[in-house]
Amino acid sequence: EVEHYVPGERLAIRMETLCIGGKGNLASAFAVDLGARSVSLAFVAGENGRKLARLLRARGVRPDLSPARGETRRIRVVVLAAERDLEKRAARWLPEASWLALCGSLPAGCSLDLYLRLARRAHASALPVLIDSRGAPLAHALAAQPEVVRLNKAELQQTLGEPIPNLT
């Protein structure tokens, strides 16, 4: 919280609040709020990633996080072996799951078909899949025929690569 904002001037911060970020993490927290058990599978990096894990635990979400290089929610996160690690973690949790939610954008360096591979794994375990993403990761994942796709008009236009003038 700041008293006032003037571009280019130093900000006097009155209060700072750490919040859970990322659509999938928020979905996990809301699921817990509604009485469900939830595991968050996500990429994390640096001190911000450690803070995110603490916030998830405090909300009652069980974090099972794949380490990545860099810093979470900063300019870029470099993903190398972490992508395979996330898939292994997902495979471990799928037998206990009732749904798989694939949410948000992928870190730099991630394969654009990661959500497709994860959705196919879920379907192989007879689990329904929700995808809340956009662009190439969503376009690839559609081949798995997820049960639910959530996106707004701008995300749909970005995914299709063309304007949709008559959609409100």
Side-chain angles (χ1 to χ4, degrees), residues 1 14-68 70-74 77 79 82-107 110-156 158-159 167-168:
E1 231 177 76
R14 294 181 357 172
M15 182 178 73
E16 180 181 48
T17 303
L18 295 176
C19 299
I20 293 173
K23 293 175 186 177
N25 292 323
L26 290 171
S28 283
F30 293 144
V32 168
D33 291 346
L34 295 171
R37 292 181 314 158
S38 185
V39 175
S40 176
L41 304 174
F43 294 105
V44 294
E47 181 56 30
N48 288 340
R50 289 184 285 280
K51 288 177 184 175
L52 176 59
R54 288 192 298 270
L55 289 169
L56 288 166
R57 280 189 212 95
R59 285 290 298 272
V61 174
R62 187 172 180 180
D64 190 359
L65 308 171
S66 296
E71 190 64 50
T72 295
R73 289 292 175 189
R74 284 216 155 155
V77 175
V79 177
E83 186 175 321
R84 286 185 298 276
D85 182 59
L86 183 79
E87 287 188 77
K88 287 180 196 172
R89 290 171 189 264
R92 186 172 69 226
W93 287 104
L94 286 176
E96 297 181 39
S98 55
W99 274 82
L100 177 63
L102 300 169
C103 306
S105 55
L106 296 174
C110 240
S111 300
L112 297 177
D113 69 345
L114 176 61
Y115 283 170
L116 169 63
R117 295 193 316 267
L118 290 169
R120 284 183 172 157
R121 273 186 190 247
H123 283 157
S125 298
L127 292 176
V129 175
L130 174 144
I131 300 180
D132 185 346
S133 189
R134 65 180 186 277
L138 172 61
H140 284 278
L142 291 175
Q145 299 180 337
E147 282 68 21
V148 178
V149 175
R150 202 254 15 122
L151 61 164
N152 61 36
K153 180 180 176 180
E155 293 167 336
L156 179 60
Q158 179 187 1
T159 301
L167 181 66
T168 57

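Side-chain contact check for Asn152 versus Arg134: every heavy-atom pair is 4.5 Å or farther apart.
For Ala90, the side chain to side chain contact (heavy atoms under 4.5 Å, CB included) test picks out Leu41, Leu118, with sequence neighbours left out. Residues satisfying the side chain to side chain donor-acceptor pair (under 3.5 Å) criterion with Ser133, sequence neighbours excluded, are absent altogether. Applying the salt bridge (charged side-chain N to carboxylate O under 4.0 Å, His left out) criterion to Arg120, with sequence neighbours excluded, gives no partner residue. Every side chain to side chain contact (heavy atoms under 4.5 Å, CB included) that Ala29 has, sequence neighbours left out, goes to Ile20, Arg59, Val61. Checked against side chain to side chain contact (heavy atoms under 4.5 Å, CB included), Gln145 has no partners two or more places apart in sequence or in another chain. By the salt bridge (charged side-chain N to carboxylate O under 4.0 Å, His left out) test, Arg37 is found to be paired with no residue, residues two or more places apart in sequence or in another chain being considered. Legend: residues meeting side chain to side chain contact (heavy atoms under 4.5 Å, CB included) with Ala58, ordered by chain and number and at least two apart, are absent. Applying the side chain to side chain donor-acceptor pair (under 3.5 Å) rule to Arg150 yields the partners Asp132, Glu155; only residues at least two apart in sequence or on another chain are considered.
Checked options Leu156, Leu112, Ile131, Leu116; the residue passing with Leu138 is Ile131 (criterion: side-chain contact (heavy atoms from CB on, under 4.5 Å)).
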Could you give the side-chain donor-acceptor pairs of residues 122-130 under 3.5 Å, partners two or more places apart or in another chain?
| from | atom 1 | to | atom 2 | distance (Å) |
| --- | --- | --- | --- | --- |
| His123 | ND1 | Ala144 | O | 3.1 |
| His123 | NE2 | Glu147 | OE1 | 2.9 |
| His123 | NE2 | Glu147 | OE2 | 3.2 |
| Ser125 | OG | Arg121 | O | 3.4 |

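Taking both residues in full, the closest heavy atoms of Glu71 and Gly49 are given as OE2-N, 4.2 Å, listed atom of the first, atom of the second, then distance. Heavy-atom minimum distance, Gly24 versus Cys103: N-CB, 3.3 Å. The minimum heavy-atom distance linking Tyr115 with Gly104 is given by the pair OH-O, 3.1 Å.
For residues 92-103, the side chain to side chain donor-acceptor pair (under 3.5 Å) pairs, not counting sequence neighbours, are Asp64-Arg92, Asp64-Trp93.
Counting only distance, with no hydrogens or angles, the side chain of Arg89 and the backbone of Leu65 share a donor-acceptor pair below 3.5 Å.
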